[in-house]
Amino acid sequence: MKTHAIIPVFLPHIGCPNDCVFCNQKTITAKLKPLEEKGIIQTIETYLSTLLKKDMKTIEIAFFGGSFTGMPIEDQKKYLKIAKEYKGKGLIDEIRLSTRPDYIDDEILIHLKDYEVNTIELGVQSFDEDVLKLSNRGHSSDVVEKSAHLIHAYGFKLGIQLMIGLPGDSYDKAITSARRTVNLKPAVARLYPTIVLKETELENMYHRGTYKPFTKEGVLKTTKEMYLILKNAGIKVIRVGLKSSDYISEGHSVIAGDYHPAFRQVVESEIVKDYLESCLTDKFDTAVFYSNSTCFSTMIGNKKSNKAYFEKKYSDKIFEFKINEKLKDEEYQVKLIK
């Protein structure tokens, strides 16, 4: 049962003067009304009207979009004051925000401490210098490491966001980014395969032929391996793939790249498929795979992809997928029958 809930407050591209090649947020922001305190409070109240009726262990207000610590200090105070007031009343438990690695220093972190912020997520994207340069990130990987160490030193929880398949990226570079993320010991991480959005420099690069997205197979393989590296290091991967929205949806804003609305399930299903197949031997007539009901859809695969895979590859065998509620989440059993 879900015990952690996030109340998302979206601040469209506020605080970020940079023009990363993959980002269309400035175009979106120009079409939106400025965010007002009244709107933030209304969003929080709407979520709380439902969440407070549930047995939630943690309720968190999270400021997403743009680079929070790059905003004018008065705007930061305005938004954080609202969140802190809800925290002081015991209505929410934590405050989270996201920002650029080059918008972190001692003064900023002292300020965030005053407003009782708990988690700072850094939009790192990659640790490779060529990828950072070609993506017009405006900083080096050294800045990421310095900021991460400062965040730890001030007692915040650290989050790292990585993108897969940016200009100049490769499987090896992406895997290195995952391993360098592990070295920074974040509490959480997010993995975002790159997609080409309308009205971005990346779209121009794609049409000029100077940028080629990862293949569908390449994205899946790379994301799967990065996910395992992070998870095996004890880092919670809280998102895999971009969330569908009014601005990111199939056939609307996506020009190219492997966008999938259920990409996390696709990745996790592949990982489970690999495990189940590793349990097979040369001698069996029927294989019975077990999971609890929560993980059953992952075991059988997105749109029953795992079931189809085994039935096609081992066409002379019988495969059954069953539920065993005694199993824990992400625990799977295989019974082979001759």
Side-chain angles (χ1 to χ4, degrees), residues 6 8-16 18 20-25 60 62-70 94-104 112 117-128 131-132 135-141 143-152 156-167 169 173-195 197 200 202 214 219 222-231 233 235-245 247-248 257 259 263-264 267:
I6 288 180
V9 178
F10 185 65
L11 307 174
H13 213 73
I14 297 174
C16 186
N18 210 59
C20 299
V21 298
F22 53 82
C23 184
N24 69 347
Q25 287 301 308
E60 185 175 32
F63 295 99
F64 292 128
S67 296
F68 191 92
T69 58
E94 297 188 3
I95 302 170
R96 173 191 303 258
L97 57 86
S98 60
T99 194
R100 286 172 57 89
D102 50 350
Y103 286 169
I104 292 291
L112 297 182
V117 172
N118 300 91
T119 303
I120 301 172
E121 293 191 38
L122 296 179
V124 174
Q125 321 315 356
S126 175
F127 283 85
D128 185 82
V131 174
L132 292 173
S135 300
N136 197 34
R137 286 295 291 161
H139 64 77
S140 67
S141 62
V143 172
V144 175
E145 305 218 356
K146 180 182 177 182
S147 297
H149 291 313
L150 271 177
I151 288 169
H152 280 307
F156 295 96
K157 286 186 282 188
L158 172 66
I160 297 288
Q161 302 170 6
L162 297 174
M163 292 184 69
I164 300 147
L166 287 169
D169 202 8
K173 289 179 179 181
I175 296 303
T176 297
S177 287
R179 289 175 177 153
R180 289 185 66 176
T181 294
V182 170
N183 292 338
L184 294 180
K185 297 180 172 57
V188 297
R190 299 174 191 260
L191 298 174
Y192 296 118
T194 300
I195 58 175
L197 298 175
T200 63
L202 195 60
F214 275 20
V219 169
T222 307
T223 307
K224 181 174 69 172
E225 292 305 317
M226 293 175 74
Y227 180 100
L228 287 171
I229 288 168
L230 297 170
K231 185 179 178 182
I235 299 166
K236 187 175 182 180
V237 183
I238 57 177
R239 177 160 289 281
V240 182
L242 287 166
K243 185 178 181 180
S244 178
S245 70
Y247 307 106
I248 301 171
Y259 170 74
F263 190 63
R264 183 186 191 107
V267 171

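Note that the structure is predicted; figures quoted are calculated from it, not measured. Start at 1 with the first residue, then count along the sequence.
Between atom CD1 of residue Ile229 and atom CZ of residue Arg179 there is a gap of 4.5 Å, rounded to the nearest 0.5 Å. Separation of atoms OG1 (Thr176) and CE (Met226) is listed at 9.5 Å; rounding is to 0.5 Å. For the atom pair CD (Glu225) and CG (Leu230), the distance works out to 11.5 Å, reported to the nearest 0.5 Å. Once rounded to the nearest 0.5 Å, the distance linking CD of Gln125 with CD1 of Ile160 reads 10.0 Å. If you take CZ on Phe214 and CD1 on Ile164, they are separated by 8.0 Å, rounding to the nearest 0.5 Å. If you take SG on Cys20 and CE on Met163, they are separated by 9.0 Å, rounding to the nearest 0.5 Å.
Shown here for Leu162 and Ser126, the closest heavy-atom pair between the two residues is CD2-N, 4.3 Å. Counting all heavy atoms, side chain and backbone alike, Ser135 lies closest to Leu166 at OG-CB, 3.6 Å. Here the closest non-hydrogen pair linking Thr223 and Leu191 is O-CD1, 4.1 Å. Of all the heavy atoms in Ala233 and Val182, the pair that sits closest is CB-CG1, 3.7 Å. Of all heavy-atom pairs spanning Gly123 and Gln161, the tightest one is CA-OE1, 3.8 Å. Here the closest heavy-atom approach between residue Ala148 and residue Leu122 is recorded as N-CD1, 4.1 Å.
Under a 3.5 Å cut-off, the side chain of Ser177 and the backbone N or O of Phe127 do form a donor-acceptor pair. In this structure, the side chain of Asn118 engages the main chain of Ile95 through a donor-acceptor pair within 3.5 Å. Side-chain N or O atoms of Arg239 include none that pairs as donor or acceptor with a backbone N or O of Tyr192 at under 3.5 Å.
Thr99 is listed as a side-chain neighbour of Ile120, based on a closest heavy-atom distance under 4.5 Å. Residues Leu197 and Leu202 form no side-chain contact, since every pair of their non-hydrogen atoms from C-beta on lies 4.5 Å or further apart. Side-chain contact check for Val188 versus Lys157: every heavy-atom pair is 4.5 Å or farther apart. At least one side-chain heavy atom of Arg190 sits under 4.5 Å from a side-chain heavy atom of Ile238. The shortest distance between side-chain heavy atoms of Glu121 and Leu97 does not fall below 4.5 Å. Under the 4.5 Å side-chain criterion, counting only non-hydrogen atoms from C-beta, Lys185 is not in contact with Leu158. When side chains are defined from C-beta on, Asp169 does not count as touching Asp128, because their heavy atoms never get closer than 4.5 Å. In this structure the side chain of Pro101 reaches within 4.5 angstrom of the side chain of His139, judged on heavy atoms.
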Determine, stepwise, if the pair Arg100 / Thr69 fulfils side-chain contact (heavy atoms from CB on, under 4.5 Å). CA-CA 8 Å; Arg100 286 172 57 89; Thr69 58; over 6 Å; no

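With a 6.0 Å radius and a threshold of 12 heavy atoms from other residues, nucleotides or ligands, Lys173 has its NZ atom above the threshold.
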